[in-house]
Number of protein chains: 2
Amino acid sequence: MTKTSITLPDIAAAAGVSKSTVSLALQDSPKIKPETKRKVLKAAKQLGYVYNRAAANLRRRSSEIIGMVINDLTNPFFAELAVALERSFTDSGYVVMMANTSEDMQQQEKVVRTFAEHGAAGIVICPVFGTSYEQLTSHTMKGLPIVSVMRPIEGNACDFISPDNIAGSQAVTAHLLAQSFTRLAFLGGLDNTSVYESRLAGFKTAVSKAGIAMEACEILPCPPTREAAAKLIMERAKQGPLPEAIVCYSDVVAFGVSFGLDRSGFKAGKDVAVTGFDDIQGCNVFSPSLTSVHIYTDQLAKLASESLINRLKDPERPISNQTVMPKVMIRESSILNK
Amino acid sequence: MTKTSITLPDIAAAAGVSKSTVSLALQDSPKIKPETKRKVLKAAKQLGYVYNRAAANLRRRSSEIIGMVINDLTNPFFAELAVALERSFTDSGYVVMMANTSEDMQQQEKVVRTFAEHGAAGIVICPVFGTSYEQLTSHTMKGLPIVSVMRPIEGNACDFISPDNIAGSQAVTAHLLAQSFTRLAFLGGLDNTSVYESRLAGFKTAVSKAGIAMEACEILPCPPTREAAAKLIMERAKQGPLPEAIVCYSDVVAFGVSFGLDRSGFKAGKDVAVTGFDDIQGCNVFSPSLTSVHIYTDQLAKLASESLINRLKDPERPISNQTVMPKVMIRESSILNK
DNA sequence: CTGAAAGCGCTAACAA
DNA sequence: TTGTTAGCGCTTTCAG
């Protein structure tokens, strides 16, 4: 909190005008004569005045604070998302409070409440799976505008921005299929979560469109972490011939798979084609570079901030779901015989 | 901002007590009879009351808001640092506002001021190189507690937390030297920046301790980005035999070098030993895994939050500089002949 | 143990 | 165009 307690009255006295004139002048109101404004601004600068937004917000009953709550910031993809969101909101003149929930529903409820207590105008959230608007707002912060990104809020109560997971997954699977692979696997992700279902659905669609029986394919869910994926693929490697190509739930999972393959004596992009999803920064570091589905995180963030800001302006506007079409980025990991 | 305007008077009325009793009860003051407290709490819950911290802070002239300003959030290392800082402060009951400066001094001054206006109790910052306390506070937010991480604020005006860059760099260089390499290079980083100077100094110390003439070594500074490093090493590769081992300024730089080597027909960890610095998450993804200097980001973040919180409690305490000893993590990229 | 009253720094009618 | 007057929702002496 600002230590120096220079306040409106102080600068009013210095400029020889009234408190409210100063207030208006600081807001650059057209009601104030230019000369007076200059006088006020000069006095303010001279006294080292720091505007107290908290006080202004209290009086005005509004704020330019956005609460950003993210399910897992240690996951590089979500960290990238958070950064993009911060940028979007900051660019629009908001200031963002951030919090991690570690996929913990309790924690999530707590931080949303904390943000509400701090006067957040709205919340942008990548929620824990299974979150509903009611539990988020504890039935008590009704009307707190919330937009969710990547993962929906149950009951369609909130604006929602996400990549087209089905299309992306289908496209990357098709890219693999185009190489005449017939034994594919979909690996990673948690059963019964929306993102998993969508990405798996895209995979299945592509497979059946290619006239391949799903029985020829393996579905291997696991927590979407590097460690879990590595462990899973290492165990799988012991149990017989690997699939020719593995469509991974996410890049993090793909990194884990790649690592696990390595430890099992196989090489991604050589013995097995591997693809990721999200196209995070790491994808083209080292070799083989990882084929992935680019989901335009910046664009998602931009849509999210626009959505939320629009809702702030008009709370009654209909709820909207927006989807961004992803793009397959073909790199080394998915092309064998290199 | 909370839409529902349930306020202290409302719950006072509902509970049949006064405003101030409610306030005290909500703070769990020992002055209030347990029974009254219960009554108040129940009424509050029932009415869906949301505590207004902004108002409380205004009155109390304090806040539990920390402003976190980071030079480059698109750099995965700083993103990891930001996440660790958020966690530390949140764990201590603070809420953090975050902002990126993109290494832009103007932007940096702006966000610090914005945070001050929002009533931040203190600032944790990884500053743009060359930042001084005076410019940060525009001579006007005097006394705003600031702690810097990784990079110092000029003039030693602020608490400062950093890894021991010299020791880390020296250690990782020594690890290379132990393999009897004689032609080493230090690559990446910007001249005249404190981190660069330290890491380079560690390199030089190790080299001369090994009895090798610095003339046998190359110093190749460049912006600490993947792209710049890749470009630099590719150009260097055209100009004759590469050094046997390259100590990189950071992991990001090392990734760039590894990539550039690949494009030039060489292989990190096979033709050239490569090491990074920071030990970010990506280091052991793919192969070769990257030897790096682990700098205990979590610990740095913890010290930073403790420092700042202590200063909040006692603004007069002497300024402290804390250093964390790093640890070399040996992986594949630095061991040839595998 | 509880209530009354003043005020944090600002904005917003309403007057002048 | 500017000043006066009330508060925003909360905490905090000070009385009772």
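Each chain gets a letter, A, B and so on, in the order its sequence line appears, and its residues count up from 1.
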(message) Closer than 3.5 angstrom, by distance alone: can the side chain of B:Ser29 be matched with the main-chain N or O of B:Ala25 as a donor-acceptor pair?
(response)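 Pair absent, no side-chain N/O of B:Ser29 close to backbone of B:Ala25.
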Is any side-chain nitrogen or oxygen of [X] closer than 4.0 Å to OP1 or OP2 of [N]?
{"X": "A:Arg61", "N": "D:dC8", "answer": "no"}
{"X": "A:Thr36", "N": "D:dT2", "answer": "yes"}
{"X": "A:Ser5", "N": "C:dG9", "answer": "yes"}
{"X": "A:Ser18", "N": "D:dT2", "answer": "no"}
{"X": "B:Arg59", "N": "C:dG7", "answer": "no"}
{"X": "B:Ser20", "N": "D:dT12", "answer": "no"}

Rounded interatomic separation in angstrom, taking [atom1] from [X] and [atom2] from [N]:
{"X": "A:Leu24", "N": "C:dA12", "atom1": "CG", "atom2": "P", "result": "9 Å"}
{"X": "A:Arg53", "N": "C:dC8", "atom1": "CZ", "atom2": "P", "result": "21 Å"}
{"X": "A:Arg60", "N": "C:dA13", "atom1": "CZ", "atom2": "C1'", "result": "15 Å"}
{"X": "A:His118", "N": "D:dG9", "atom1": "NE2", "atom2": "P", "result": "17 Å"}
{"X": "B:Asp10", "N": "D:dC8", "atom1": "CG", "atom2": "P", "result": "11 Å"}
{"X": "B:Leu8", "N": "C:dG3", "atom1": "CG", "atom2": "P", "result": "13 Å"}
{"X": "A:Leu26", "N": "C:dG9", "atom1": "CG", "atom2": "P", "result": "15 Å"}
{"X": "B:Leu58", "N": "C:dG7", "atom1": "CG", "atom2": "P", "result": "14 Å"}

Look at all strands and tell whether [X] reaches a base, only sugar-phosphate, or nothing, counting heavy atoms closer than 4.0 Å.
{"X": "B:Ser23", "value": "base"}
{"X": "A:Ile32", "value": "sugar-phosphate"}
{"X": "A:Lys33", "value": "sugar-phosphate"}

(request) Give a yes or no on whether a salt bridge exists between A:Arg151 and A:Glu103, defined as a side-chain N under 4.0 angstrom from a carboxylate O. (result)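 Looking at A:Glu103 together with A:Arg151, the answer is yes, because their closest N to O distance falls below 4.0 Å.
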(request) Give a yes or no on whether a salt bridge exists between B:Glu109 and B:Arg113, defined as a side-chain N under 4.0 angstrom from a carboxylate O. (result) no
(request) Indicate yes or no: at least one non-hydrogen side-chain atom of A:Asp10 is less than 4.5 angstrom from one of A:Tyr49. (result) no
(request) Check whether any side-chain heavy atom of B:Leu144 sits under 4.5 Å from a side-chain heavy atom of B:Phe115, and report yes or no. (result)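 No - every pair of side-chain heavy atoms lies 4.5 Å or more apart.
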(message) Closest-nucleotide mapping onto DNA chain C: is B:Val17 or A:Lys31 further toward the 5' terminus? I mean the 5' end.
(response)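 Its nearest nucleotide being more 5', the pick is B:Val17.
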(message) Checking contacts here: which listed nucleotide (D:dG9, D:dG3, C:dC10) is nearest the side-chain heavy atoms of A:Ala56?
(response)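 Among D:dG9, D:dG3, C:dC10, the one nearest the side chain of A:Ala56 is C:dC10.
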